[in-house]
Amino acid sequence: MTVELKHPVPFEIIEGDNVRVASNGQLRLTVMGDGKVFRRRAITGIQTKPAAEMLIPQLNALATELLAQPDMPAQDAVARLLALAGLVPIAEPKRVEWVVGELNGVRVYTDGVNVVVTTEDLKP
Amino acid sequence: MAATVTILEKNGAGPTTTDKTGGTIRLKKADNSTVDLNNPLVKPPSGSDWSFEKWLRLNFAGSYTQATNGKFYTDGSSGLGTGINLWAKASASYSTPAQASSSSGYANAFTYTSGAALSLGAGPVTGTGEKFDHVVLVGEVTNLASGGLTPSETLTFAWDEI
C-alpha cells in the first residue's frame, strides 16, 4: 500500500562525534568533520483567490454569451468552460523541506530527490 | 524533530490572530482577516487608494532546537497590472493595523526575490510562539489601474532550522 503524504516529510537531524546525519526516511545525508547540517524550510504560495470569486464573473459573462448565442458550437462552449477551469489555482500552499550540508563553504542542498552542490545560498 | 510552522495574520489592538497558512490574505480597507468583497480598494479619479496594513508573522509550534535566517520574498513578477502595487516591509514590533497613506518606509514587494529576500531577522530564535519579524503588506490602487481579473501571487516565507 502506498500512502501519499500531503506535504513532504521534514528531515530529522542527529549529531554525533564529528558527524551529522539528516534523514527523511528515504534519503540520508551525512556530513563528517567540521561541517554543519540544517533544514531550509519554506511555505510558499499563500496568496490565492477564492475559487468563487474567480469564477462567478466569468461564468456570468459566459452565460450572457450563451443566451445571446444559443447556437454556439458545442466545442466552443466546452473550450470556454475548460478555459475557466484554468483560471482557478488548485495547488495548495506548498511546504518546502530541504536539508543543507555545509563543509568548507561548499553546500549540498537536497529535497530528497534532487541534489545540488554549490557555494551559493539557494532558497526554495 | 522539526517545528510545525504556520503563518498568522494579526488584526486589531489585541491582536486577534488567524492562521492563513492555507488561506487567502485579502488586502482591503478594513482591519480584519475576512476574505470578502467588503471594503474594497477602488480606483480613484486621481492619486491612490490605499489598503490597511496586513501584518503577517511566522508561528512556531512543536519541538525544534533553533531557527535562523527568517526571510520573505515573492516570485519577483507582479501580475497585478498597471497601477496596482504591493508594498512590503519588516517590523519587529506589532502595532494595530492602520490604513496606509503612502509607501514611505516600504519597498515594492516584488523586488524581494529568493536572491534578494526581505530579512525577518537572523535569529537564532527558540521556543514556541510567534518568531522573527512581522511582514507588513500594503496594497495601492492608483488612478492608472485597469479593471479585470488579477492573478494570484506567490509569496514565500523561508527559514533555516535545526
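The chains referred to below are lettered A, B, ... by the order of the sequence lines, with proteins before strands, and numbering in each begins at 1.
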- [ ] I would like to know whether B:T21 and A:I43 meet side-chain contact (heavy atoms from CB on, under 4.5 Å); could you show each step before the answer?
- [x] CA-CA 8 Å; B:T21 314; A:I43 303 171; 4.0 Å; yes
Counting only heavy atoms not in [X] (residues, nucleotides, ligands), do more than 12 fall under 6.0 Å from its [atom1]?
X	atom1	value
A:D17	CG	no
A:N104	CG	no
B:K29	NZ	yes
A:M72	CE	yes
A:Q75	CD	yes

- [ ] Please report the closest heavy-atom contact between A:R95 and B:T6, naming both atoms and the distance.
- [x]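 Smallest interatomic distance, heavy atoms only, reads NH2-CG2, 4.4 Å.
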Task: From CH2 (B:W159) to CZ (A:R40), nearest 0.5 Å - done: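 B:W159 atom CH2 to A:R40 atom CZ measures 12.0 Å (nearest 0.5 Å).
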TODO: Calculate, to the nearest 0.5 Å, the distance between atoms NZ and OG1 belonging to A:K123 and B:T113 respectively.
DONE: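 If I round to the nearest 0.5 Å, the distance is 8.5 Å.
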- [ ] Indicate if B:F72 and B:I7 have the same hydrophobic cluster label, given that clusters are the connected sets of ILVMFWY residues with side-chain heavy-atom separations under 4.5 angstrom.
- [x]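 As far as the 4.5 Å side-chain criterion goes, B:I7 and B:F72 are connected within one cluster.
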Open item on the list: Let me check something: do B:Y112 and B:L27 share a hydrophobic cluster, defined by ILVMFWY side-chain heavy atoms less than 4.5 Å apart, either directly or through other members?
Closed with: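 Result: yes, single cluster for both.
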- [ ] Name the option with the most non-hydrogen atom pairs under 4.5 Å to chain B; the candidates are A:A22, A:P10, A:P124.
- [x]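 Result: the option with the highest number of such pairs is A:P124.
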- [ ] May I ask you to test the A:F38-B:T65 pair for a side-chain heavy-atom distance under 4.5 Å?
- [x]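 Sidechains of B:T65 and A:F38: no contact.
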Task: Validation row: B:L155, A:T44 side chains within 4.5 angstrom (heavy atoms) - done: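 Sidechains of A:T44 and B:L155: no contact.
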Open item on the list: Which atoms of A:V37 are under 4.5 Å from chain B, going by heavy atoms: the side chain, the backbone, both sets, or neither?
Closed with: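 Backbone only.
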- [ ] Report yes or no: does A:E12 contribute a side-chain atom to a donor-acceptor pair with the main-chain N or O of B:M1 at less than 3.5 Å?
- [x]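 Confirmed, A:E12 side chain pairs with B:M1 backbone.
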Task: Side-chain donor or acceptor of A:R41 paired with backbone N/O of B:A3 under 3.5 Å - done: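 Indeed, once roles are kept as given, a pair shorter than 3.5 Å links the two residues.
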